Amino acid sequence: MSFAPFPASVIAIAQGVRAGETTAHAAARQSLAAIERQEPAVRAWSHVLSAAALERTEPERRAVGALAGVPIGVKDVIDVAGMPTGFGAPSLTPGSPEFDACCVGMLR
């Protein structure tokens with residue numbers, strides 16, 4: 001399953017992973033590559049945890065759940081453990097929360 005040149009839908013990614021047509025790791029690599037290509041123009045991300053995304057989807061890990069392999073973006077007004085909650089304001093220098101917000105925990 002190839003997602004290029006256009007991003008795949010959430011449904012296509014999840015179905016592809018569940019059907020074994022691709023892996024969560026391959027989907028993560030493709031999503032990160034798309035972010036890297038498009039971010040200079042789009043400027044949508046304040047933080048991208050590339051290494052963490054690849055680690056969570058290591059090829060030997062079995063992806064489970066309805067959203068397995070689907071990239072998730074979290075607005076920086078929602079707490080994600082270890083990432084700054086900046087409220088979209090570069091002038092704020094918030095600390096990093098120790099815990100995820102409930103919605104992030106459920107996504108994980």
Side-chain angles (χ1 to χ4, degrees):
M1 167 182 281
S2 174
F3 301 146
F6 301 106
S9 71
V10 169
I11 293 170
I13 294 169
Q15 286 176 340
V17 169
R18 280 196 306 271
E21 296 169 0
T22 190
T23 65
H25 192 74
R29 284 195 330 266
Q30 289 177 333
S31 295
L32 290 167
I35 290 169
E36 187 175 324
R37 278 191 316 272
Q38 298 171 6
E39 182 57 16
V42 177
R43 300 180 56 201
W45 304 98
S46 59
H47 299 282
V48 176
L49 298 178
S50 302
L54 293 174
E55 182 181 313
R56 289 182 68 87
T57 61
E58 290 173 339
E60 60 274 0
R61 292 178 111 181
R62 185 176 179 275
V64 295
L67 296 176
V70 175
I72 302 292
V74 178
K75 184 80 172 135
D76 75 341
V77 299
I78 299 174
D79 285 344
V80 177
M83 291 182 64
T85 304
F87 304 98
S91 61
L92 292 178
T93 54
S96 295
E98 189 175 337
F99 301 101
D100 290 332
C102 288
C103 58
V104 174
M106 292 173 72
L107 284 168
R108 286 189 198 262

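Keep in mind it's a predicted model, so treat the numbers as computed, not measured. Values below: all heavy atoms of this structure, side chains included; hydrogens, waters and symmetry mates excluded. Start at 1 with the first residue, then count along the sequence.
- Pro97 has its side chain within reach of Thr85: a pair of non-hydrogen atoms, C-beta onward, lies under 4.5 Å apart.
- A side chain to side chain contact (heavy atoms under 4.5 Å, CB included) with Gln15 is found for one member of Ile11, Val17, Ile13 and no other, namely Ile11.
- Closest of all the heavy-atom pairs between Pro84 and Ser96 is N-OG, 3.7 Å.
- Val77 and Val74 end up in the same hydrophobic cluster when Ile, Leu, Val, Met, Phe, Trp and Tyr side chains are linked at under 4.5 Å.
- The minimum heavy-atom distance between Cys103 and Ile78, with the atom names listed, is SG-CG2, 3.8 Å.
- A donor-acceptor contact shorter than 3.5 Å is absent between the side chain of Glu58 and the backbone of His25.
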Could you tabulate the donor-acceptor pairs under 3.5 Å formed by side-chain atoms of residues 66-73, not counting sequence neighbours?
none

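- Ser31 contributes atom OG, which lies 13.0 Å from atom CD of Glu36 (distance to the nearest 0.5 angstrom).
- Phe99 contributes atom CZ, which lies 11.0 Å from atom CG of Asp79 (distance to the nearest 0.5 angstrom).
- With values rounded to the nearest 0.5 angstrom, Leu32 atom CG is found 11.0 Å from Arg37 atom CZ.
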Can you give each donor-acceptor pair under 3.5 Å made by side-chain atoms of residues 46-55, sequence neighbours left out, with the distance rounded to 0.1 Å?
none

Exercise. Given Thr57 and Thr23, is the side-chain contact (heavy atoms from CB on, under 4.5 Å) satisfied, shown in steps?
Worked result: CA-CA 8 Å; Thr57 61; Thr23 65; over 6 Å; no
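- To the nearest 0.5 Å, atom CD of residue Gln38 and atom CH2 of residue Trp45 are 11.0 Å apart.
- Contacts of Asp100 classified as salt bridge (Lys or Arg N to Asp or Glu O under 4.0 Å), with partners at least two apart in sequence or in another chain: Arg108.
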